[in-house]
Each structure stands twice: as structure tokens, then as C-alpha cells.
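Treat the numbers as computed from the prediction; the structure is a model and nothing was measured. Below, chain A is the first sequence line, B the second, and so on; all start at residue 1.
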Amino acid sequence: MSTASDDTLAPHGLPDGLHDGLHDAGFIAGLRQQMVKFARLHLQDAHLAEDAVQEALVGAWQGSERFSGRSAFKTWVFAILKHKVADVLRHKQRVVDAGSLLKTAEDQSLDDFFDERGHWLADGRPEGWQAPETSLGQQQFWAVLEVCLDGMPAAQARVFMMREFMGFETDEICQTVGVSSANFFVLMHRARLRLRECLNLRWFAAGAPRQGA
Amino acid sequence: MALPKLMLNCAEATRLLSEGQDRELPRGERTVLRVHTWMCSGCRNFGEQLGFLRQATRAYARGEGDQGDDPKP
């Protein structure tokens, strides 16, 4: 991220008191720029894009004290933004070529993982990971995790991150997001299946982790 | 789950394993789950890996991913 060259990058309408690790005008400006670009691309409307970005940033700020990492915060902010953009698109009934963005939990069947009798598909059956904790000390692992989190569909990402990044309880999430607990469990199930599979594919089964100290 | 089932399939078992991370499972569900994972290595591994997923994502949220802990040899 480029750092701010001067003080004219005042974020519009953002609350004061940024959490320490995120307290950098350059970081916020860069993040905002990426968000606007993303929102404009999908909404094809500068005003709608600005509104969506503002709402997403304000929404993300409400939980920002729980983050000390920029990567995680960025992932979280984009999850909210993606969800907001999807909402706008649904209301405007515009057809945009952002397939994964518009899919809801119901569209993502378990066919990717299980056969018609509910058994693991041959290639998908989880094999054991040897001492996965050792991966937490490897920088490349975090890059892979970020890729996997970024690939999570918006509806799943929103609730998953509220639960796993921010530690909200299930009923808090359901109330805040406006989802039934049944749908919440469905979303989390799918999110975890995909995330586990992504990490397996890109890291554990790919022979990446160094075993032992 | 609406009806008590004795035998779970893997889609159901992974669903219960996932829910166990977000709510307390009553004894009946824990029991059928244990029976399944005792017999099914895929779901047993899935259950273990769920714990790691939680550990990793929480560490990521805390910013541990930004620090590049281990220097490359």
C-alpha cells in the first residue's frame, strides 16, 4: 500500500479513533480506492458505488477494535462490501457478470463434496494433516489462507468472519445480519467445507508445509 | 435435526461437526456423531481440521499473518 503524501486524504464521514494497527491514512486511502474501484465495476454507477463503500467502511468500523492485522481487516471490509454490492444489485435487478457474487447459500449445493447418498466424493474425502500447527509459523501459509478467504462467496464470508474473526455468538450474528439460525448453519457448513478444501488443495496436499521443526 | 437418526451420512455428520462449533450439541447428537466419526476417517479428519481452521482464522484476524514469523532459511 502506498503511504499518504500529505494530509488531504481525509476519509469522508469515517468515525474518529481508528484502532492502532489501522491508524494510517495511507492504508485507509489505499483500501478505499480499491473498494471504490470494485464497487464501480459491479454497480456501474459512481454514486451507488460511493454509498456502498461508505456503508461498508462504517459497518466494518464497528468491529475494527477486534482487529490488529491489516490483511484480516481488509478481507473483512471487502466481505461486507461484496455483500452490500450484491444487495444493491438484487434490488436493482440488474444482471451483471459477477456470478459468484450473486449466488446465495441455496445455490451452492453440497454436490461439490458429497454424492447423492451423502458420502464423500472419492477425491474429496479428507485425509489427515500432519501437525498443521507448524504451518502457522510459515509466511506462505498466511498468503494461502488469505487467498482462500478472499474466494469465499459474499454471503458465507459475512457470517463466517463475524463468527471466526470477531467472535460474535450465533444469535448475535443472526440478528445483526437478518438471517435465520437454520440459514446461518447452512452458510457456515458450506464455508467450512470450502475453506478446508481450499487449504487442503493449495497447502496441505500440495506438499507445501515443512514437517517438523 | 427434526428426527433422531441412528446413522448419519457424511454430509449430515459434517453438518453436525460444523454446528458443534457454533452451538452446544445435546447428548443425542453428540452420540450419533461419535459413532459416525469412529467409523469414518474422512469425517474424523474433517472434525479435527475444523479445530485448526478456527485456530488459524483467529490468528489471522489478530494480525499474526502480517508479521511473517519465521525467517526463511
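Chain B forms the most heavy-atom pairs under 4.5 Å with one residue out of P132(A), A182(A), S181(A), G167(A), and that residue is P132(A). Contact count versus chain B (heavy atoms, under 4.5 Å) is highest, among R125(A), R196(A), R192(A), for R192(A). Between chain B and the residues E169(A), H119(A), E164(A), the largest count of heavy-atom pairs under 4.5 Å involves E164(A).
The contact between Y60(B) and chain A is made by backbone and side chain atoms together, counting heavy-atom distances below 4.5 Å. Neither the backbone nor the side chain of F113(A) comes within less than 4.5 Å of any heavy atom in chain B. Contacts of I173(A) with chain B are absent, with no heavy-atom separation under 4.5 Å from either backbone or side chain. Neither the backbone nor the side chain of A143(A) comes within less than 4.5 Å of any heavy atom in chain B. Both the backbone and the side chain of E146(A) come within contact range of chain B, judged by heavy atoms closer than 4.5 Å. T75(A) touches chain B through its side chain: at least one heavy atom from C-beta onward sits under 4.5 Å away, while N, CA, C and O do not.
Remark: R23(B) is positioned above the aromatic ring of F185(A), its terminal NZ or CZ atom under 6.0 angstrom from the ring centre and at most 45 degrees off the axis.
Salt-bridge check for R44(B) with E48(B): failed, with every basic side-chain N at 4.0 Å or more from each acidic carboxylate O. Under the 4.0 Å criterion applied to side-chain N and carboxylate O atoms, D22(B) and R54(B) are assigned as salt-bridge partners.
Residues F73(A) and W61(A) bring their aromatic ring centres within 6.0 Å.
Between F114(A) and W120(A), the ring-plane angle classifies as tilted under the 30° and 60° cut-offs.
For the 3.5 Å distance criterion, the side chains of N200(A) and W129(A) qualify, holding a donor opposite an acceptor.
Between C43(B) and C10(B), the sulfur-to-sulfur (SG-SG) separation does not fall under 2.5 Å.
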